[in-house]
K.L.:
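Just passing along the structure, written as structure tokens.
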2 protein chains.
Amino acid sequence: MRQDSRLSRMLHVLIHMNRHEGSATSEAIAGMLNANPVVIRRTMAGLREKGYVRSEKGHGGGWTLSRPLAELTLLDVYQAIGEPPVFAVGPACDQPECLVEQAVNAALGDALAEAEKLLLERFGDVTLADIARDFDERMAKTGRDVSHEGAECRARHVSAKA
Amino acid sequence: MRQDSRLSRMLHVLIHMNRHEGSATSEAIAGMLNANPVVIRRTMAGLREKGYVRSEKGHGGGWTLSRPLAELTLLDVYQAIGEPPVFAVGPACDQPECLVEQAVNAALGDALAEAEKLLLERFGDVTLADIARDFDERMAKTGRDVSHEGAECRARHVSAKA
DNA sequence: TGGGTTTGTAACTTTTGTTGTTGCGTAAGG
DNA sequence: CCTTACGCAACAACAAAAGTTACAAACCCA
């Protein structure tokens with residue numbers, strides 16, 4: 001099953017936007033993420049509805065942050081993109097008649113629910129400012145900001161198997 | 001993203017096999033799960049390699065359990081089917097050059113790793129005998145075993161939205 | 001007002017992974 | 001030797017994210 005990268009992408013964008021003066025167009029953002037402008041608009045729409053970003057049309061338009069990163073958690077962003085399914089494993093059937101399958105779903109569901117609860121709690125604990133701070137530390141170590149200077153991430157479609 | 005139902009299915013099968021005298025053919029199992037015999041063989045192959053089940057060809061052949069349910073945990077079964085990815089959300093890129101993306105991946109990865117650890121711990125805590133016991137309780141309440149008497153689960157492809 | 005810029009959206013294609021299907025080989029048994 | 005089953009490879013169907021195309025709507029500036 002393919003993984004949904006929308007959350008990761010939105011986090012990435014928001015932090016870049018914070019380090020950016022003025023607004024960024026979908027085109028520019030798509031360039032940073034090595035992605036498609038329309039896909040960016042599609043995904044950012046959720047953030048706009050929540051009031052986390054604003055978009056403006058026409059000359060000098062684009063996207064701007066409308067609240068500080070310290071007031072945004074991973075959970076906020078996750079919810080803004082529509083709370084997509086967290087797990088790639090799950091029951092074969094949601095409303096089984098078979099009592100065995102009901103018991104299986106209950107056991108599996110309990111474990112998954114617990115893990116999801118923990119995950120969302122962790123998401124709620126981390127603000128985008130925390131991530132930005134981690135970025136600053138990484139940059140201090142490296143000595144320079146290599147983000148988006150040249151080659152973008154091209155490793156995405158490389159097979160994981162050796 | 002579509003959910004992987006192999007774990008759920010294998011749990012379902014194993015418990016039925018335990019309540020079954022003798023062996024069950026792929027055809028019969030596929031009937032119980034409302035699935036395809038070839039898919040069953042494909043998935044059960046992993047369980048066979050681990051020694052959890054045996055398969056025999058020819059007349060009277062089929063699949064049989066080769067160890068008690070109390071000695072099988074959800075984790076064992078999960079590993080037997082090849083430890084498929086647990087999460088449907090994940091990073092856009094595994095080896096990003098961008099330091100922002102590295103920081104995002106670190107934060108996201110930490111939360112996901114913690115949730116996965118908890119999930120697999122829970123999987124390790126639950127034996128198939130536990131699930132079978134839960135089934136017995138459900139049957140006691142209902143008064144009869146309605147499992148696979150008539151209609152199978154057909155709700156699978158029904159839209160979740162109202 | 002007119003033209004270029006940029007978002008908003010719908011429709012369609014591409015891609016990736018699970019599931020389903022077909023076909024043929026092999027082993028077991030009567 | 002013929003039927004029953006599994007083993008396996010190759011391919012089709014399907015679902016969901018991502019990419020693409022096309023066009024409308026809003027905005028800014030000259």
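Just so it is clear: chains get the letters A, B, ... in the order the sequence lines come, proteins before strands, and each one is counted from 1.
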K.L.:
To the nearest Å, give me how far apart CG (A:Asp4) and C1' (D:dA15) are.
P.N.:
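After rounding, the reported distance stands at 14 Å.
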K.L.:
Nearest 0.5 angstrom please: A:Thr73 OG1 to A:Leu11 CG, how far?
P.N.:
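Between atom OG1 of A:Thr73 and atom CG of A:Leu11 there are 9.5 Å.
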K.L.:
Nearest whole angstrom, please: distance from the C1' of C:dT18 to the CD1 of B:Ile81.
P.N.:
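The answer, rounded to whole Å, is 12 Å.
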K.L.:
Please determine whether a side-chain nitrogen or oxygen atom of A:Thr25 lies at a distance below 4.0 Å from atom OP1 or OP2 of C:dT5.
P.N.:
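For C:dT5, neither OP1 nor OP2 has a side-chain N or O of A:Thr25 closer than 4.0 Å.
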K.L.:
Is a donor-acceptor contact shorter than 3.5 angstrom present between the side chain of B:Arg42 and the base of C:dG20?
P.N.:
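Under the 3.5 Å cut-off, the side chain and the base do form a donor-acceptor pair.
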K.L.:
Under a 4.0 Å threshold between the charged nitrogen and the carboxylate oxygen, would B:Glu137 count as salt-bridged to B:Lys141?
P.N.:
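Answer for the salt bridge query: no.
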K.L.:
Can you tell me which nucleotide in C:dT19, C:dT7, D:dA18 comes closest to the side chain of B:Arg9?
P.N.:
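Nearest to the side chain of B:Arg9 among the choices is C:dT19.
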K.L.:
Is a side-chain donor-acceptor pair under 3.5 Å present for B:Arg48 with B:Ser55?
P.N.:
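Their side chains do contain a donor-acceptor pair, which is all the 3.5 Å distance test asks for.
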K.L.:
Sugar-phosphate means primed atoms, P, OP1 and OP2; the rest is base. With that split, encode nucleotides 23-30 of chain C 5' to 3' as B, S or - using protein heavy atoms under 4.0 Å.
P.N.:
---BBBB-
K.L.:
What is the distance, to the nearest angstrom, from the CZ atom on A:Arg48 to the C1' atom on C:dT9?
P.N.:
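After rounding, the gap between these two atoms is 11 Å.
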K.L.:
Could I get the full list of salt bridge (charged side-chain N to carboxylate O under 4.0 Å, His left out) partners for A:Asp130, not counting sequence neighbours?
P.N.:
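Testing A:Asp130 for salt bridge (charged side-chain N to carboxylate O under 4.0 Å, His left out), a comparison that skips the adjacent residues, returns A:Arg133.
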K.L.:
Rounded to the nearest 0.5 Å, what separation is found between the CG atom of B:Leu72 and the CZ atom of B:Arg67?
P.N.:
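Nearest 0.5 Å value for the CG-CZ distance: 5.5 Å.
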K.L.:
Rounded to whole Å, please give me the gap between CD in B:Glu27 and C1' in D:dT4.
P.N.:
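Value for this atom pair: 11 Å.
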K.L.:
Does A:Glu49 use its side chain to pair, donor to acceptor, with the backbone of A:Ala80 at less than 3.5 Å?
P.N.:
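Checking the backbone N and O of A:Ala80 against the side chain of A:Glu49, no donor-acceptor pair under 3.5 Å is found.
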K.L.:
Quick check: does any side chain N or O of A:Gln3 sit under 3.5 Å from a backbone N or O of B:Phe87, one acting as donor and the other as acceptor?
P.N.:
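Present.
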K.L.:
Under 4.0 Å between a side-chain N or O of B:Ser26 and OP1 or OP2 of D:dA5?
P.N.:
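Answer is no, no contact under 4.0 Å.
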K.L.:
Could you state the CZ-C1' distance from B:Arg54 to D:dC6, rounded to the nearest angstrom?
P.N.:
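Computing the B:Arg54:CZ to D:dC6:C1' distance gives 15 Å.
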K.L.:
Can you tell me how far P of C:dG17 sits from CD of B:Glu83, to the nearest Å?
P.N.:
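After rounding, the gap between these two atoms is 18 Å.
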K.L.:
Starting at atom CG of A:Leu47, determine the distance to atom P of C:dG8, rounded to an integer number of angstrom.
P.N.:
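Interatomic distance, CG of A:Leu47 to P of C:dG8: 12 Å.
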K.L.:
Please check the phosphate of D:dA5 (OP1 and OP2 only) for any side-chain N or O of B:Ser55 closer than 4.0 Å.
P.N.:
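Looking at the OP1 and OP2 atoms of D:dA5, neither is under 4.0 Å from any side-chain N or O of B:Ser55.
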K.L.:
Could you tell me how far apart B:Gln3 (CD) and D:dC14 (C1') are, to the nearest whole angstrom?
P.N.:
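Taking CD of B:Gln3 and C1' of D:dC14, I get 16 Å after rounding.
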K.L.:
Return whichever of B:Asn36 or B:Pro84 has its heavy-atom-nearest nucleotide of DNA chain C closer to the 5' end.
P.N.:
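The residue closer to the strand's 5' end, by nearest nucleotide, is B:Pro84.
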